[in-house]
Novice: 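After the structure tokens below, expect a handful of questions from me.
Scope of the values below: all heavy atoms of this structure, side chains included, with no hydrogens, waters or symmetry mates.
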Amino acid sequence: MRRSSDGVYTDINQAIAANKEVHKERLDTAAKIDTSNKARVRFTPLGGLGEIGGNIAVLETEKSAIIIDVGMSFPTEDMHGVDILVPDFSYLHTIKEKIDGIVITHAHEDHIGAVPYLFKELKFPIYGTPLPLGMIANKFDEHGLKNDKSYFRYVEKRKPIKIGDFEVEWLHMTHSIIDASSLAINTPAGIIIHTGDFKIDHTPVDDYPADLHRLAYYGEKGVLCLLSDSTNSHKGGITRSEKTVGPTFDHLFAKAKGRVIMSTFSSNVHRVYQAIEHGIKYNRKVAVIGRSMERNLETARQLGYIDIPEDIFIDAHEVTRYNDSEVLIVTTGSQGETMSALFRMATDEHRHIKIKPSDTIIISAKAIPGNEASVSRIMNHLVRAGATVAYQDFSEIHVSGHAAQEEQKLMLRLTQPKFFLPVHGEYNHIARHAKTAVSCGVDERNILLMSDGDQVEITPKYLKKVKTIKTGKTYIDNQANTEIENDIVLDRQKLATEGIIMIVAQIDQTTHKLVGHPRVSSFGIVADREDKRFAKEIEAIIETYMAHQKEADKLDTRTIENDIRQAVRKHVLRKMKRYPLIVPTIYVV
């Protein structure tokens, strides 16, 4: 069909055909991608897939690489004494010579929490907008890395930055934290869009909506691959705006006769800001309690992201100077963390604040998967203290920071990628997100579901998994900022689930016989009333072993200890089907 130069036709059929061509052209932006280009890049998630949290990924060419986020994750309940998990950085050591920088999308712990631990091993320039780098700076102060702030590179949104073989542009994105970004990465193979964590909030608290115009701009140019947040992929519709929390706060503050205690994630500065605004409206002084909450709020204030008058703040020890109706306490502990300020208040362990029946407590957060038991535990403490607790019974006391299906569809339609890699979430999340992508026109053959360690090669012609990289987690004691070795955690798990048997025995150096009876102590094996009987059984095993011992081994304490350990292990396994930790100690006297 001959096209009209001015877009006007005298024949209706010609106009219909022409408009079909227009639709085909505008929707098939993949046709703009140069398939004769032989370049290729590789994307490797080292954390954040098959889990919620611990986000870290590598994008690389033959000569250059960038790291996207360096996040931590939370331990499961059987990781005793472990506060956080950080990614295994082994692969980064193997490619350290070609890494040109770390690129940060936003300031949530699951995206920046492991940066100090990486810097203790490897150091690279860190690129990000002011708030994420400001919060990383706080972490560096805690970890004794003040001098390493010289690696910070503060970026301006909508201004592409050259980093090695890549040109990276930060695009403003709405999320449950201020100053979040998506990334437009111009690679030798084509444009890659990484959404970071996102939702499409048209009425955000700071009135800075998502930069949909810039996403559409790249969509028009032709996006080779989209990597998109999958967390809420099972949720239909849209995620509510952060501002919807405001009316719920107003209702709760208006009803409260005593103190209001609000707990949320320390990084959710907009949520804290809304609570403080309502505190000011109802003539309440504000006590911010919890080190991370204080630090993050102060950083946001110093950088000018929020404007709160200084004179409304009071310290925790000043709370008792005011009537309860004049106090708002903003604190950490929404996940039931045992070391948090709210938990210590609930258990009467906080130095300044005790929960009262007149208190109204707002838990403005949802339990992270795996933390449900901890949240339930702290709820029980609060309710037992007689306080009024607002949690999930108020539907708009918390809103998610992640896109639901309609927002995910919008992202897909704006960017119109040739290839799609769903990221950030467990396998069921990314699998559901893939179905949404297919419904938005992405060819099913152009979608790949990844796990941590899968290295995916992206070219203008194809997308494929090429190999698997070793990944894992390092256990961290956050109180001392030190690593806990794997075998220590395994021993703790064994102690918790299987128990321990400790044996102390003495051998006469001359007669090679036992001196008296062995001392046997056990924990987590039998009930206290059975201790003596069980100890007698173990004594009998040791005495039988000593009676039949080889002559050459009679004073070899290491051999004796190993043999006793094996004999006792067989007995306990046969009788109780347990694998306790067995610690024999033999002395020659």
Novice: To check you understand the geometry: which heavy-atom pair defines the closest contact between Ser176 and Asn268, and what is its length?
Specialist: O-OD1, 3.1 Å

Novice: Say you draw a straight line from CD1 of Ile469 to CG of Asp88; how long is it, rounded to the nearest 0.5 Å?
Specialist: 11.5 Å

Novice: Side chains of Asp531 and Val526: does their closest heavy-atom pair fall under 4.5 Å?
Specialist: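 The answer is yes, as the side chains (C-beta and beyond) meet within the 4.5 Å cut-off.
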
Novice: If only atom types and distance count, is the side chain of Lys465 paired as donor or acceptor with the main-chain N or O of Leu449 below 3.5 Å?
Specialist: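 Not at all, since once roles are kept as given, no pair shorter than 3.5 Å links the two residues.
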
Novice: Is the backbone N or O of Phe198 less than 3.5 Å from a side-chain atom of His106, with the two atoms forming a donor-acceptor pair by type?
Specialist: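 Not at all, since once roles are kept as given, no pair shorter than 3.5 Å links the two residues.
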
Novice: Would you say the side chain of Leu46 lies within less than 4.5 Å of the side chain of Leu92, judging by non-hydrogen atoms?
Specialist: yes

Novice: Give a yes-or-no answer on whether the side chains of Asn562 and Arg565 include a donor-acceptor pair shorter than 3.5 Å.
Specialist: yes

Novice: Suppose we screen for ring-ring contact (aromatic ring centres under 6.0 Å, His included). Which residues come up paired with Phe119, at least two apart in sequence or across chains?
Specialist: Phe140, Tyr151

Novice: Can you give me the closest heavy-atom contact between Ile430 and Gly425, atom names plus distance?
Specialist: CG2-O, 4.3 Å

Novice: Can you give me every donor-acceptor pair (side chain of residues 350-362, partner residue at least two apart or in another chain, under 3.5 Å) with its distance?
Specialist:
residue: His350; atom: ND1; partner: His352; partner atom: N; Å: 3.1
residue: His350; atom: ND1; partner: Ile353; partner atom: N; Å: 3.2
residue: Lys354; atom: NZ; partner: Asp348; partner atom: O; Å: 2.9
residue: Lys354; atom: NZ; partner: His350; partner atom: O; Å: 2.8
residue: Lys356; atom: NZ; partner: Asp324; partner atom: OD1; Å: 3.2
residue: Lys356; atom: NZ; partner: Asp324; partner atom: OD2; Å: 3.0
residue: Asp359; atom: OD1; partner: Arg259; partner atom: NE; Å: 2.9
residue: Asp359; atom: OD1; partner: Arg259; partner atom: NH2; Å: 3.4
residue: Asp359; atom: OD2; partner: Arg259; partner atom: NH2; Å: 2.7
residue: Asp359; atom: OD2; partner: Lys356; partner atom: N; Å: 2.7

Novice: For the atom pair OG1 (Thr264) and CD (Gln335), what is the distance rounded to the nearest 0.5 Å?
Specialist: 9.0 Å

Novice: Run the ring-centre check on His108 versus Phe265 and record whether the distance is less than 6.0 Å.
Specialist: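 Centroid distance His108-Phe265: not below 6.0 Å, so no.
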
Novice: So, taking the atom named OG1 in Thr388 and the one named CG in Leu382, what distance separates them when rounded to the nearest 0.5 Å?
Specialist: 11.0 Å

Novice: For Lys532 and Arg529, indicate whether the former's side chain and the latter's backbone hold a donor-acceptor pair under 3.5 Å.
Specialist: no

Novice: Indicate yes or no: at least one non-hydrogen side-chain atom of Thr468 is less than 4.5 angstrom from one of Asp454.
Specialist: yes

Novice: Within this structure, what is the OG-CG distance for the pair Ser267 and Asn296, rounded to the nearest 0.5 Å?
Specialist: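 Those atoms lie 6.5 Å apart.
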
Novice: Counting only heavy atoms not in Glu298 (residues, nucleotides, ligands), do more than 12 fall under 6.0 Å from its CD?
Specialist: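 More than 12 within 6.0 Å, yes.
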
Novice: Taking Glu121 first and then Lys96, would you say they form a salt bridge - that is, a charged N and a carboxylate O separated by under 4.0 Å?
Specialist: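 Result for this pair is no, no salt bridge flagged.
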
Novice: Would you say that more than 12 heavy atoms from the other residues, nucleotides or ligands in this model lie under 6.0 Å from the CG of Asp315, or not?
Specialist: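 Yes, because the 6.0 Å sphere around CG of Asp315 holds more than 12 heavy atoms from other groups.
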
Novice: Can you find a pair of side-chain heavy atoms, one from Leu421 and one from Leu463, that are under 4.5 Å apart?
Specialist: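 When only atoms from C-beta onward are counted, Leu463 and Leu421 do touch, with a gap below 4.5 Å.
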
Novice: Can you give each donor-acceptor pair under 3.5 Å made by side-chain atoms of residues 579-589, sequence neighbours left out, with the distance rounded to 0.1 Å?
Specialist:
none

Novice: Nearest 0.5 Å please: distance from the OG atom of Ser263 over to the CD1 atom of Ile289.
Specialist: 11.0 Å

Novice: I'd like to know if the side chain of Ser64 pairs up with that of Asp100 as donor and acceptor (distance under 3.5 Å, no hydrogens or angles considered).
Specialist: yes

Novice: Report the relative orientation of the aromatic rings in His402 and His175; use parallel for angles under 30°, tilted for 30 to 60°, perpendicular for over 60°.
Specialist: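 Perpendicular, since the angle between the ring planes exceeds 60°.
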
Novice: Report yes if the side chains of Lys570 and Ile541 come closer than 4.5 Å at any heavy-atom pair, otherwise no.
Specialist: no

Novice: For residues Arg578 and Thr497, report the shortest heavy-atom separation together with the two atoms involved.
Specialist: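 Nearest heavy atoms, Arg578 then Thr497: NH2-O, 3.5 Å.
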
Novice: Checking the side chain of Arg271 only, and the main-chain atoms of Ser364 only, is there a donor and an acceptor separated by less than 3.5 Å?
Specialist: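 Judged by distance alone, yes, a pair lies under 3.5 Å.
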
Novice: How close do Ser233 and Arg432 get, heavy atom to heavy atom, and via which atoms?
Specialist: O-CG, 3.3 Å

Novice: Taking Asp141 first and then Lys149, would you say they form a salt bridge - that is, a charged N and a carboxylate O separated by under 4.0 Å?
Specialist: yes

Novice: Could you tell me the separation between the CD1 atom of Ile126 and the CD1 atom of Ile102, rounded to the nearest 0.5 Å?
Specialist: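 Here the rounded value is 4.5 Å.
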
Novice: Given ring-ring contact (aromatic ring centres under 6.0 Å, His included), test His424 with His194 step by step and report yes or no.
Specialist: CA-CA 11 Å; His424 196 295; His194 191 301; 9.2 Å; no

Novice: More than 12 foreign heavy atoms under 6.0 Å from CD of Glu444: is that the case here?
Specialist: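 At most 12 heavy atoms, drawn from other residues, nucleotides or ligands, come within 6.0 Å of this atom.
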
Novice: Taking the side chain as everything from C-beta on, heavy atoms only, tell me whether Ile99 gets closer than 4.5 Å to Leu122.
Specialist: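 Counting from C-beta outward, Ile99 and Leu122 never come under 4.5 Å.
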
Novice: Check Ile447 against Pro422 and note the closest heavy-atom contact, atom names and distance.
Specialist: CG2-CD, 4.2 Å

Novice: Is any side-chain heavy atom of Tyr391 closer than 4.5 Å to a side-chain heavy atom of His398?
Specialist: no

Novice: When you measure from the side chain of Thr195 to the backbone N and O of Asp229, does any donor-acceptor pair fall under 3.5 Å?
Specialist: yes

Novice: Where is the tightest heavy-atom contact between Asn232 and Ser400, given as atom of each residue plus distance?
Specialist: ND2-OG, 3.0 Å

